[in-house]
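Inspection log for the structure reproduced underneath, given as structure tokens.
Heavy-atom basis, side chains included; hydrogens, waters and symmetry copies ignored. For clarity, every value in this text was computed on a predicted model and none was experimentally measured. Lettering follows sequence order; numbering is per chain, from 1.
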2 protein chains.
Amino acid sequence: MSRSNPRVLAILERAGGFASAQEVYRLMQREGESIGLTTVYRSLQSLVNDKIVDVLRREDGEAIYRLCGGAHHHHLVCKGCGETIEIEGGAIEKWAKTMAQEFGFREVGHTAEIFGLCPKC
Amino acid sequence: MSRSNPRVLAILERAGGFASAQEVYRLMQREGESIGLTTVYRSLQSLVNDKIVDVLRREDGEAIYRLCGGAHHHHLVCKGCGETIEIEGGAIEKWAKTMAQEFGFREVGHTAEIFGLCPKC
DNA sequence: ATGGAAATGAAAATCATTTTCATTTGTGCT
DNA sequence: AGCACAAATGAAAATGATTTTCATTTCCAT
Ligand SMILES: [Zn+2]
Ligand SMILES: [Zn+2]
Ligand SMILES: [Zn+2]
Ligand SMILES: [Zn+2]
């Protein structure tokens, strides 16, 4: 699971930072790269494990993979063109901690995304 | 899409407030209710349209349906037993608005969930 | 060069969800 | 009651993403 990773990663970059497994596969085909769909899935999974890419879900449930800096952060996503901006959690970091504490939850994590239309769309 | 809705809704209540379509179906079977899987899907969809239930995604992408009060709110979910607590967004609401504004986004919405282990788990 | 481990990919298997379509049910009218 | 027509239902097939299987290929160390 090593020779393919860089190739998949390169495509993901060229795709604008995010794409589904199927899309990565189609893109690679179109560019004449030789790779199997299975390997695309495996590479993406491996990149997720290494925390090099981030995975989340489209509305329809399809997983999309996204290049991602290492530190904890959140996203501002354009519903129109898909552009993704990494943003700081700011106030919600504390909010999440406080809420969890209030109800006695342990091993807490959180997700938070903002979506809308970017200036261009 | 009317005779089934109340039955599906009743099951969802008895299930603790949330379940996937497949789970609702299995539960109804087990309780001797006569209903088709297709109808379960359709009823849930209809309940979502009427904003009586809320739909979101499990980690694995399966859609789960959840009884839900009408007002805007967020959730604190137990990874162990699935218990869900509705909570206020508090600081998040302003955070989302501010962030969106800063980048010139319009028609903004947001999602935020906290997950962890509840006191019982 | 040789053997074994890791990586690959085609094809089959899974699984949730949607679509199709024929049948059943409900409702209003005569 | 008898009839007509629309809405609701559900079984079975289709779809589509993801995973599993398994035989083959590629690496790498000896
Ligand atoms: Zn945009
Ligand atoms: Zn955060
Ligand atoms: Zn719990
Ligand atoms: Zn909110």
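His110(A) has its ring centre no less than 6.0 Å from the ring centre of His75(B).
A distance-only check finds a donor-acceptor pair linking the side chain of Trp95(A) to the backbone of Gly89(B) [under 3.5 Å]. Within the 3.5 Å criterion, the main-chain N or O of Ile64(B) finds no donor-acceptor partner in the side chain of Arg57(B). The closest donor-acceptor contact from the side chain of Asp60(B) to the backbone of Glu62(B) lies under 3.5 Å.
Residue Ser20(B) is out of contact with every strand shown, counting any heavy-atom pair closer than 4.0 Å. Within 4.0 Å of Ser34(A), counting heavy atoms only, lie sugar-phosphate atoms of the nucleic acid but no base atom. Residue contacts for Arg3(A): at a heavy-atom cut-off of 4.0 Å it reaches the sugar-phosphate backbone alone, with no base atom in range.
Which of dT17(C), dT20(D), dT18(D) sits closest to the side chain of Glu62(B) comes down to dT17(C). Relative to the side chain of Arg42(A), the nucleotides dA8(D), dG9(C), dA12(D) differ in distance, and dG9(C) lies closest. You'll find that the side chain of Gln22(B) is closest to dA16(C), out of dA17(D), dA16(C), dT8(C). Of the candidates dA17(D), dA10(C), dT17(C), the closest approach to any side-chain atom of Tyr41(A) belongs to dA17(D).
Rounded to whole Å, atom P of dG9(C) lies 9 Å from atom OH of Tyr25(A). We find that CD of Glu59(B) is positioned 17 Å from C1' of dA16(C), with the value rounded to whole Å. We find that CG of Leu47(B) is positioned 15 Å from C1' of dA8(D), with the value rounded to whole Å. Regarding Gln45(A), its CD atom lies at a distance of 11 Å from the C1' atom of dT18(D), rounded to whole Å. Protein atom OH of Tyr65(A) is 8 Å distant from nucleotide atom C1' of dT18(D), rounded to whole Å. Across the protein-nucleic acid pair, Leu37(A) atom CG and dA12(C) atom P stand 15 Å apart, rounded to whole Å. Between Ile35(A) atom CD1 and dA10(C) atom P the separation is 10 Å, expressed in whole Å. Between the C1' atom of dG10(D) and the CE atom of Met28(B) lies a distance of 13 Å, rounded to the nearest Å.
Along DNA chain C, the nucleotide closest to Arg7(A) and the one closest to Arg26(B) are compared, and the more 5′ of them pairs with Arg7(A).
Contact between the side-chain N/O atoms of Thr38(B) and the OP1/OP2 oxygens of dT9(D) is not found at any separation under 4.0 Å.
Atom CD of Glu107(A) and atom CG of Leu117(B) lie 4.5 Å apart (nearest 0.5 Å).
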